[in-house]
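Below: one structure, written as structure tokens.
Note that the structure is a prediction, hence the values are computed from the model and not measured.
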Amino acid sequence: MSSIIHGAGAATALSTFNPVDSKKLVSPSRTNLSVRSQRYIVAGSDASKKKKSFGSGLRVGHSQKLIANAAVATKEADTSASTGHELLLFEALQEGLEEEMDRDANVCVMGEDVGHYGGSYKVTKGLADKFGDLRVLDTPICENAFTGMGIGAAMTGLRPVIEGMNMGFLLLAFNQISNNCGMLHYTSGGQFTIPVVIRGPGGVGRQLGAEHSQRLESYFQSIPGIQMVACSTPYNAKGLMKAAIRSENPVILFEHVLLYNLKEKIPDEEYICNLEEAEMVRPGEHITILTYSRMRYHVMQAAKTLVNKGYDPEVIDIRSLKPFDLHTIGNSVKKTHRVLIVEECMRTGGIGASLTAAINENFHDYLDAPVVCLSSQDVPTPYAGTLEEWTVVQPAQIVTAVEQLCQ
Amino acid sequence: NTSKLKQEPLSTHHHPCSCRSSSIFHLAKKSVFSQIGKTKKMTLRLRSSSWKSNLLKILRHNHGFGSASHAARHLRQKPPHEPTLRVSQNPISRFCNTMSEKLSSIGEHEDANTQVMDFPGGKVAFTPEIQFISESSKERVPCYRVLDDNGQLITNSQFVQVSEEVAVKIYSNMVTLQIMDNIFYEAQRQGRLSFYATAIGEEAINIASAAALSPEDVIFPQYREPGVLLWRGFTLQEFANQCFGNKSDYGKGRQMPVHYGSNKLNYFTVSATIATQIPNAVGAAYSLKMDRKDACAVTYFGDGGTSEGDFHAAMNFAAVMEAPVLFICRNNGWAISTPTSDQFRSDGIVVKGRAYGIRSIRVDGNDALAMYSAVHSAREMAIKEHRPILIEALTYRVGHHSTSDDSTRYRSADEIEWWNKARNPLSRFRTWIESNGWWSDEEESDLRSRVKKEMLEALRVAEKTEKPNLKDMFSDVYDVPPSNLREQERLVRQTIKSHPQDYPSDVPL
């Protein structure tokens, strides 16, 4: 086994058996999510309609046919299959960004090569021609400076979307993100809001080298005051982009280098995704598999094998990395009693480590087995393709881990 | 008369053009010039081979462009409100791009003696002499001042006139700031305050610069500029509330003293990290430029702050983005215990402006009139011409770095005393306003006793006011407290309930 299986005793047979209390089994997560998204919309209804973002709360007033996304799996549950349009994930991000820029003149983009070059991953393609050089701003190479610029602009009423060409470069912007972005709303006593979106591709790609294969969500997760979300499909990419732009809090949107060319049909009508909600990818009974971003696809591939072997895994794309959607996760744990976390972060101090702690703390009584976490090793990502492959959790390992957990 | 302020002329590129207009130029010429003619109402003298350079000059003059391709990109921008320039985008941008290509190919036609290197940004002449640019110029950049050491107006000095009302307000605010600083400092020494940092010696920079700005200009301070807030109307009570962290503090008691902030007065909350406010200011300037406001961003920092990477990157960005921002450096000689000789080896900060393509000036920071004039002119240039300006104000940090510092450990008490007496900004300005008949000893003592009384009252009230509620520990982290924070608050309250004797009595639940 290459990647490390978290949790002692994973190989031993599971002895304890908790009698299933039928009262404790809750209705499927989908209903609960829709109730919560209702609450989400209501939370914003008394928001101020001022143009300047000094007020708090979500401005929901403008959009006409706003569909709050509850839990929508990828293709199967798409009820508007006939009227949607197909596009790639980076196009979905671009569509979301463009719609928000059309809707609100304060939304602007800044980053390296985002203007006429269209962005290194083409997410901002065509925007500079449409909105002009000021709203889609090409910056010199200094991540701390343009992140700082975005924060200053946000404090004066703009809603910048700051692009890091690669998430790893945002390490240079850590000072601004932690000290100013995360803190100023608090230390100013709520006088200044910082509605920025910081986004960019991260994760292990195809032989991009150690510096360009980092998982920044590990490092940012402690910063108070910021929200973190990770998109994985064109549908949630567009929805999360729009929600992040509309949020009054600073949001870091993690994209993955290898997911930009995913194709999916998405609805024509406007929709946003809830920033704090997880996505139910595949309901099941035997085990809860928590994952996000690219690992979702490895998990789903493993799920196919598992189904053939007679297992019924419940796959949840946690999407919201900070804060965790413990409601959805908790309901799932209460149902299946076994948890496997599959992530791309390194074993030490990653999202999986925090999630393991949170689940153990909150749902210990519902667990039949220790929480198992599959992560990458604590090594810089090697350049050699074969080695790189072994630093990332592969479907075969997921299958093995499930089999061991479900013994 | 500030219009005569000396300014180096923009360099123009003169090159004999041996390549006659090609057909594309003829085609574009007509439509391009008629368009420009309509909007700018200019008559263009079209001498055959130099009309290209004329067009470049026009573009540069009107829009401050450095190069034609740069011009092309800006001509493509769509302003959010109705545009004042109605220029047909595509023909000109295409024309300018073509022109820059043509211009860059001109050099190849020259003979060996007048060869130039065409390079992005303009022509570069060659020289057969091996010459290194010296690390320093023979003379230091001169410092602009209007009042001499004794507060007398220097003959033939150029400055912006101030009315009696404004001058008296400037002086009164300087006195108020001085008294406020002294009383807060003493309060900390007496144990009534936890911490304080004075701006003693830098009153002129604080007040005079604020006086030259408009209330819409957004301020990004470091932490030694409370005078700017004072000028804008922050009351002594409000200062005291922040220092005591009581429930009337706009910051809700979350920050240490002197970390003021007021969105009402466009003064952004002080963030303790050095120089991080500088890129923030550039972003704000960019925002103001996008909204076409008649305002600029202003940021302050010390000599030490200029060593931070953020300073350099922000200056560079501001120049490239053509952002209306004023960079005001308070060169007060010390960064805690580090003297400027250990901070940088350049001739102060003013020379760094040119390195980034930013217009700069060195000013006597203890001369209120000079500060006022410099900031006033800089602001005008920044807003009208969409450019950043760097102002280095030479001054001296008379006080300690903060109440956690004893500066006599690294500098002589004589040096401090000399600057406090011989170069005192208040006494110099006072001499000048008294010479105009605008101030008197009686008004001085009246003002001082009034301010002192007000300060002591403010201290008393602030000390007695209760602290913010415990819930403010958890609010404003996000717009709405998320479930994990609500849970954590619940846990804290639970702990307090079981150990009430350990909880401070003056923090309400």
Side-chain angles (χ1 to χ4, degrees), chain A residues 43 54 56-58 105-106 108 110 115-116 128-135 137-142 144-158 160 175-176 179-180 182-193 224-227 247-249 276 323-324 326-327 358, chain B residues 73-74 76-81 218 220 249-255 259 261-264 266 268-273 276-291 297 299 309-310 312-314 316-318 320-321 323 468 472 475-480 482-485:
Chain A
F54 288 164
S56 60
L58 184 74
N106 287 321
C108 56
M110 46 184 80
H116 299 280
D129 288 329
K130 181 171 174 187
F131 296 104
D133 287 336
L134 270 192
R135 279 186 81 186
L137 193 65
D138 274 327
T139 62
I141 306 176
C142 185
N144 208 30
F146 66 71
T147 307
M149 251 187 81
I151 293 166
M155 287 162 90
T156 24
L158 290 187
N175 188 9
Q176 290 284 349
N179 278 317
N180 288 347
M183 286 187 195
L184 273 168
H185 182 61
Y186 185 78
T187 57
S188 70
Q191 292 183 86
F192 299 106
T193 56
I226 56 156
Q227 269 186 275
S247 168
E248 291 302 315
N249 299 313
E276 290 102 9
F324 292 133
L326 289 177
H327 186 87
Chain B
R73 281 198 301 178
H74 275 260
R76 248 185 290 181
Q77 75 179 237
K78 271 214 184 88
H81 314 293
V218 290
F220 285 83
D249 168 28
Y250 301 131
K252 299 184 190 164
R254 293 166 179 152
Q255 259 289 18
H259 288 62
S262 166
N263 60 348
K264 203 171 45 147
N266 281 326
F268 283 75
T269 305
V270 172
S271 173
T273 45
T276 55
Q277 75 279 8
I278 313 182
N280 290 164
V282 178
Y286 160 75
S287 167
L288 292 172
K289 181 175 159 180
M290 277 245 294
D291 290 342
T299 180
D310 276 1
H312 300 273
N316 188 36
F317 272 58
V320 169
M321 316 258 142
D472 282 331
S475 62
D476 294 330
V477 181
Y478 297 96
D479 53 353
V480 172
S483 58
N484 61 327
L485 286 185

Would you indicate whether the side-chain heavy atoms of [Y] and [X] approach each other to under 4.5 Å?
{"X": "A:Asp138", "Y": "B:Val320", "answer": "no"}
{"X": "A:Gln176", "Y": "B:Asp310", "answer": "yes"}
{"X": "A:Asn175", "Y": "B:Thr276", "answer": "yes"}
{"X": "B:His259", "Y": "A:Thr187", "answer": "no"}
{"X": "B:Pro482", "Y": "A:Glu276", "answer": "no"}

To check you understand the geometry: which heavy-atom pair defines the closest contact between [X] and [Y], and what is its length?
{"X": "B:Ala314", "Y": "A:Ala145", "answer": "N-CB, 4.4 Å"}
{"X": "A:Gly148", "Y": "B:Asn280", "answer": "O-ND2, 2.5 Å"}
{"X": "B:Met321", "Y": "A:Pro140", "answer": "CE-CD, 3.7 Å"}
{"X": "A:Ala105", "Y": "B:Met290", "answer": "O-CE, 4.5 Å"}

Q. Listed by chain and number, what are the side-chain hydrogen bond (donor to acceptor under 3.5 Å, both in side chains) partners of B:Ser287, not counting sequence neighbours?
A.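 Partners of B:Ser287 by the side-chain hydrogen bond (donor to acceptor under 3.5 Å, both in side chains) criterion come out as none, since no residue qualifies.
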Q.
I need the B:Arg254 CZ to A:Met183 CE distance, nearest 0.5 Å.
A.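 Answer rounded to 0.5 Å: 13.0 Å.
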Q: Calculate, to the nearest 0.5 Å, the distance between atoms CG and CD belonging to A:Asn179 and B:Gln277 respectively.
A: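 Interatomic distance, A:Asn179 CG to B:Gln277 CD, rounded to 0.5 Å: 12.0 Å.
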Q. Stepwise, does the side-chain contact (heavy atoms from CB on, under 4.5 Å) test hold for B:Phe268 with A:Thr156?
A. CA-CA 10 Å; B:Phe268 283 75; A:Thr156 24; 3.7 Å; yes
Please check this pair: side chain of [X] against backbone of [Y], looking for a donor-acceptor N/O pair closer than 3.5 Å.
{"X": "A:Asn249", "Y": "B:Asp479", "result": "yes"}
{"X": "A:Gln191", "Y": "B:Asn263", "result": "yes"}
{"X": "A:Tyr186", "Y": "B:Ser475", "result": "no"}

Q: Using the side-chain hydrogen bond (donor to acceptor under 3.5 Å, both in side chains) rule, take B:Ser271 and A:Asn180 through it: C-alpha gap first, then chi angles, then the decisive distance, then the call.
A: CA-CA 7 Å; B:Ser271 173; A:Asn180 288 347; 2.8 Å; yes
Q) Among A:Pro160, A:Gly115, A:Cys142, A:Ser188, who wins on heavy-atom pairs under 4.5 Å with chain B? A)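 Result: the option with the highest number of such pairs is A:Ser188.
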(Q) I need the residue from A:Thr139, A:Ile141, A:Leu184 with the largest number of non-hydrogen atom pairs under 4.5 Å to chain B. (A)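 Looking at each of A:Thr139, A:Ile141, A:Leu184 in turn, A:Thr139 comes out on top.
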Chain B contact via [X] - side chain, backbone, both or neither, heavy atoms under 4.5 Å:
{"X": "A:Phe324", "result": "neither"}
{"X": "A:Met110", "result": "side chain"}
{"X": "A:Leu326", "result": "neither"}

Q: Counting only heavy atoms closer than 4.5 Å, note whether B:Val218 contacts chain A via side chain, backbone, both or neither.
A: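 B:Val218 touches chain A through side-chain heavy atoms alone.
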Q: Check whether B:Asp472 gets within reach of chain A through its side chain, its backbone, both or neither, counting any heavy atom under 4.5 Å.
A: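 Only the backbone of B:Asp472 comes within 4.5 Å of chain A.
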Q: Mind checking ring pair (Phe, Tyr, Trp, His ring centres under 6.0 Å) for B:Tyr286 and listing every partner two or more places apart, or none if nothing turns up?
A: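 Residues passing ring pair (Phe, Tyr, Trp, His ring centres under 6.0 Å) with B:Tyr286: none at all.
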